[in-house]
Amino acid sequence: MKIALASDHAGYELKKSILNYLSERRVQCEDFGCGPDEKVDYVDYAEKSIEQICIGEYERAILVCGTGIGMAIVANKYKGIRATPCTDEYSAEMSRKHNDSNCLTLGARILPQDEALGIVKVWLETEFEGGRHQGRLDKILRIEKKNYKS
Ligand code: RB5
């Protein structure tokens with residue numbers, strides 16, 4: 001599994017810890033920014049990393065901002081992306097089992113580093129259950145195909 005990582009300035013330090021955590025465990029990952037000492041818009045970094053999934057280069061993303069909310073809003077604009085802001089291990093587990101989350105978003109201003117890494121661990125290790133949950137994801141795909149003009 002290849003993971004695209006990204007953050008804004010608020011998430012930079014936690015993203016680095018996650019990058020170390022993944023590298024130590026030989027999980028293939030790449031950091032799509034931002035860099036240190038930058039002040040950036042989370043929108044641009046969610047866009048950069050999620051488009052890597054859309055073009056088939058990466059399978060999942062982990063995005064970090066202050067709350068995890070802005071990153072999730074942007075990521076969920078893309079077809080096929082199921083971005084889930086998680087603040088605890090139970091949510092992370094269920095986001096995989098029931099929602100087949102392919103993008104974990106984390107809030108660096110909410111979560112201590114050890115809790116965030118615990119969430120990452122659970123999110124990586126938990127499989128999608130399929131079955132009735134697949135039917136629900138199919139309904140989401142159907143909604144994504146609707147094309148309302150503004
Ligand atoms: C940046 O100050 C902050 O707004 C951003 O990191 C994020 O929390 C937005 O959702």
Side-chain angles (χ1 to χ4, degrees), residues 1-25 27-126 128 133 136-137 139-148 150:
M1 188 197 326
K2 281 173 77 184
I3 299 192
L5 272 176
S7 73
D8 68 358
H9 50 282
Y12 177 79
E13 289 300 332
L14 178 56
K15 177 188 65 181
K16 283 291 165 197
S17 307
I18 295 169
L19 192 62
N20 286 340
Y21 178 88
L22 296 177
S23 304
E24 279 168 17
R25 283 157 187 79
V27 178
Q28 263 190 291
C29 57
E30 192 172 334
D31 181 2
F32 287 90
C34 68
D37 307 320
E38 287 188 88
K39 207 147 179 95
V40 301
D41 297 328
Y42 60 85
V43 182
D44 300 322
Y45 292 87
E47 183 181 13
K48 268 191 192 183
S49 50
I50 293 299
E51 288 188 0
Q52 291 296 316
I53 299 180
C54 297
I55 64 171
E57 287 293 321
Y58 287 77
E59 291 155 82
R60 293 203 210 165
I62 300 178
L63 309 180
V64 192
C65 62
T67 57
I69 295 170
M71 289 293 200
I73 291 172
V74 180
N76 280 320
K77 297 291 178 197
Y78 288 87
K79 275 187 189 161
I81 299 299
R82 294 173 299 280
T84 53
C86 294
T87 53
D88 56 83
E89 290 185 15
Y90 179 73
S91 306
E93 182 186 343
M94 298 315 282
S95 79
R96 290 286 313 131
K97 281 186 171 168
H98 288 191
N99 311 113
D100 197 17
S101 167
N102 54 7
C103 174
L104 171 65
T105 71
L106 296 167
R109 291 176 179 159
I110 299 174
L111 289 163
Q113 179 190 296
D114 61 332
E115 285 181 32
L117 294 179
I119 289 169
V120 168
K121 181 177 192 294
V122 169
W123 185 78
L124 287 173
E125 290 177 356
T126 308
F128 177 49
H133 302 295
R136 292 161 186 166
L137 298 191
K139 289 187 175 185
I140 296 172
L141 281 175
R142 179 175 54 74
I143 291 170
E144 285 180 341
K145 284 184 185 143
K146 289 185 180 181
N147 186 16
Y148 288 105
S150 54

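One-based numbering, in listed order, for ligands and for the atoms of each. Only heavy atoms go into these numbers, but all of them, side chains included; no hydrogens, no water, no symmetry mates. Predicted, not measured: the structure shown is a model, and the values here were computed from it.
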Asks: When you check the side-chain N and O atoms of S17 and Q113, is any donor under 3.5 Å from an acceptor?
Replies: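 S17 vs Q113: donor-acceptor pair found between side chains.
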Asks: For E125, what residues pass the salt bridge (charged side-chain N to carboxylate O under 4.0 Å, His left out) criterion, not counting sequence neighbours?
Replies: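 E125 satisfies salt bridge (charged side-chain N to carboxylate O under 4.0 Å, His left out) with K121 only.
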Asks: Kindly print each ligand 1 N/O atom paired with any protein N/O atom under 3.5 angstrom away, one pair per line, or none if nothing qualifies.
Replies:
| residue | atom | partner | partner atom | Å |
| --- | --- | --- | --- | --- |
| ligand 1 | 2 (O) | R109 | NH1 | 3.2 |
| ligand 1 | 6 (O) | D8 | OD2 | 2.5 |
| ligand 1 | 6 (O) | G66 | N | 2.7 |
| ligand 1 | 8 (O) | G66 | N | 3.2 |
| ligand 1 | 8 (O) | T67 | N | 3.0 |
| ligand 1 | 8 (O) | T67 | OG1 | 3.3 |
| ligand 1 | 10 (O) | T67 | OG1 | 3.4 |
| ligand 1 | 10 (O) | G70 | N | 2.9 |

Asks: I81 and N76: which non-hydrogen atoms are nearest, and at how many Å?
Replies: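 Of all heavy-atom pairs spanning I81 and N76, the closest is O-OD1, 3.3 Å.
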Asks: Using a 3.5 Å cut-off and no angle test, enumerate the donor-acceptor pairs between side-chain atoms of residues 63-71 and protein atoms at least two apart in sequence or in another chain.
Replies:
| residue | atom | partner | partner atom | Å |
| --- | --- | --- | --- | --- |
| T67 | OG1 | I69 | N | 3.0 |

Asks: Nearest 0.5 Å, please: how far is SG in C29 from CZ in R60?
Replies: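 Between atom CZ of R60 and atom SG of C29 there are 13.0 Å.
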Asks: Taking side chain to side chain donor-acceptor pair (under 3.5 Å) as the cut-off, I'd like each qualifying pair that reaches into residues 28-46, sequence neighbours left out, listed once.
Replies: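 Residue pairs passing side chain to side chain donor-acceptor pair (under 3.5 Å), neighbours aside: K15-D31, K16-D31, E30-Y58.
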